[in-house]
Amino acid sequence: MTDPTALPLLRTPGLVDAHIHPDKTSWGQRWQSRRSAATLIELIENDRATQAEYETSVEERAFALFSHALENGTMGMRAHVDVSSELGTRNVEGVRAAAERLSGDLTVQIVAFPQFGLLRNPGTLDVMASALDAGADLVGGIDPGGIEGDLHGHLDAIFGLADRAGRDLDIHLHDGGEGGLEQIREVARRTIGSGRQGRVTIGHAFALCDPALPSLGETLDLVADAGIWVATCALGPDPVPDLDLFERHGVRVAAGSDGVRDAWSPFGTGSMVDRAHLLAYRTGAMTDGELERAFRIASISGGEMMGLSSVAEWDARGGTHLEFAAENLAQLVVDRPAPLRVVRDGRVLR
Ligand SMILES: [Zn+2]
C-alpha cells in the first residue's frame with residue numbers, strides 16, 4: 001500500500017449509490033445476528049421478522065446510514081423502500097424524513113418497493129400509489145415471474161401505476177435462466193412501447209450475467225434499445241455483469257450497495273469507494289482502465305441514471321467534487337481511502 005502522507009490530492013466526481021435499502025438497515029445499532037436462508041422466499045420472511053423486531057425507527061437507522069455514506073462521498077442514492085398492506089407507507093415516510101435532514105447535501109430518490117409481493121399481497125398496489133404521495137418518487141417491482149408468478153399481471157400493475165402517476169420505474173429482477181431473460185425482454189418491450197426509454201432501471205438482472213444463455217445477446221440489444229439501466233451490487237454469491245460485453249451492446253450500468261447490514265447481509269459499509277472496489281474485484285479488473293471503469297460506474301454513471309447533473313456532468317474545476325489522497329483512480333479503487341473532503345455546490349460537507 002502506498003504511504004498516504006506521500007500522496008497527491010486527487011479530485012473526483014461525487015459517488016452515487018444506485019440501489020440501497022435504508023429502511024432495512026441495522027446501521028448504528030448493536031450487532032445483529034442473522035438466520036440462515038436457502039431461498040429468496042426464506043430471505044424475505046427473515047427480513048419481515050427482522051423489521052418487526054427493530055426497536056429503533058426507520059428514520060433513525062436510515063439517517064445513521066445516510067450520514068455515514070455522505071461522509072464517504074455519496075451524493076445521490078436510489079433507495080428502495082418497502083411498502084405493503086402490512087407496513088403501509090410508514091417506511092417511506094421514515095426514509096423521506098431522514099433524507100430531509102440532509103436535504104441539499106444528499107439527493108435521495110425513493111422507490112416504492114413491493115418487497116413482499118404485489119399480486120400475492122393484496123392491497124399493496126393501493127399502498128404503492130399512496131406512497132407516491134408520501135415521499136416516494138418511483139414505482140418499484142419484484143420478480144414478476146419467480147415471486148409473483150404472473151409476468152403480465154405484475155407488469156400491467158406497475159406500468160399502469162407509473163403511467164397514472166407520471167413516474168419512472170425501478171424493478172428488482174433476480175430470476176435467472178431463459179425465463180429471467182424473457183421477463184427482461186418484456187420489460188424492455190413495454191418500456192419502448194410506452195415511450196419510457198431511459199426511465200426504467202432493472203436491479204440485479206442476474207439473467208443478463210449468464211453467458212451460457214442462448215438469447216443473452218439479443219436481450220442485451222433490446223435492453224440497450226430501451227435505454228434500460230442495470231443496477232448491479234457485485235454481491236459475494238451472486239452473478240455480476242460482463243462489463244465488456246455490456247459495453248459492446250450499449251447497456252448502461254450503475255452500482256449500488258443493496259442491503260447494508262440487514263437481514264439479507266451482515267456486510268456493507270454504505271461506501272461507494274468500497275463498492276467500486278468490490279465491483280472491480282468481482283469483474284476481474286486488471287488494467288488501470290478497468291479499475292477506472294468501476295469508479296465511473298459508482299459515480300458518473302449513477303449520476304446519469306438519477307439525473308443528478310452535478311455528478312453526471314462532472315467538471316474537475318466545478319463546485320461539486322471529492323478530494324482524496326491518491327495517486328490516481330486505479331490506486332484509489334484498490335486502496336479504498338475515505339475522501340479527505342466532500343464538496344457540493346461549493347459547500348464543504350466533510
Ligand atoms: Zn434490492
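In listed order, ligands and their atoms are each counted from 1. Heavy-atom basis, side chains included; hydrogens, waters and symmetry copies ignored. Just so it is clear, the model here is predicted, and its values are computed rather than measured. Residue indices begin at 1 and follow the sequence shown.
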Colleague: Is a salt bridge present between Asp82 and Arg48, judged by a nitrogen-to-oxygen distance below 4.0 Å?
Modeller: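 A salt bridge is absent here (no side-chain N lies under 4.0 Å from a carboxylate O).
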Colleague: Examine all N, O or S atoms of Cys233, backbone included, and report whether one is under 2.8 Å from the Zn ion (ligand 1).
Modeller: no
Colleague: For the Zn ion (ligand 1), find the closest N/O/S atom on His19 and give its atom name.
Modeller: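 Checking each N, O and S atom of His19, the shortest distance to the Zn ion (ligand 1) belongs to NE2.
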Colleague: When you measure from the Zn ion (ligand 1) to the N, O or S atoms of His204, does any of those distances fall below 2.8 Å?
Modeller: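 Given the 2.8 Å cut-off, His204 does not count as a ligand of the Zn ion (ligand 1).
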Colleague: Of all N, O or S atoms in Asp258, which has the smallest distance to the Zn ion (ligand 1)?
Modeller: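 Restricting Asp258 to its N, O and S atoms, the minimum distance to the Zn ion (ligand 1) goes to OD1.
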Colleague: Keeping the roles fixed (side chain from Glu148, backbone from Leu118), state whether a donor-acceptor pair exists under 3.5 Å.
Modeller: yes
Colleague: How long is the gap from CZ on Arg252 to OG on Ser301, to the nearest 0.5 Å?
Modeller: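 Going from the CZ atom of Arg252 to the OG atom of Ser301 covers 9.0 Å.
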Colleague: With a 4.0 Å cut-off, would you call Asp17 and Arg275 a salt bridge?
Modeller: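 Answer for the salt bridge query: no.
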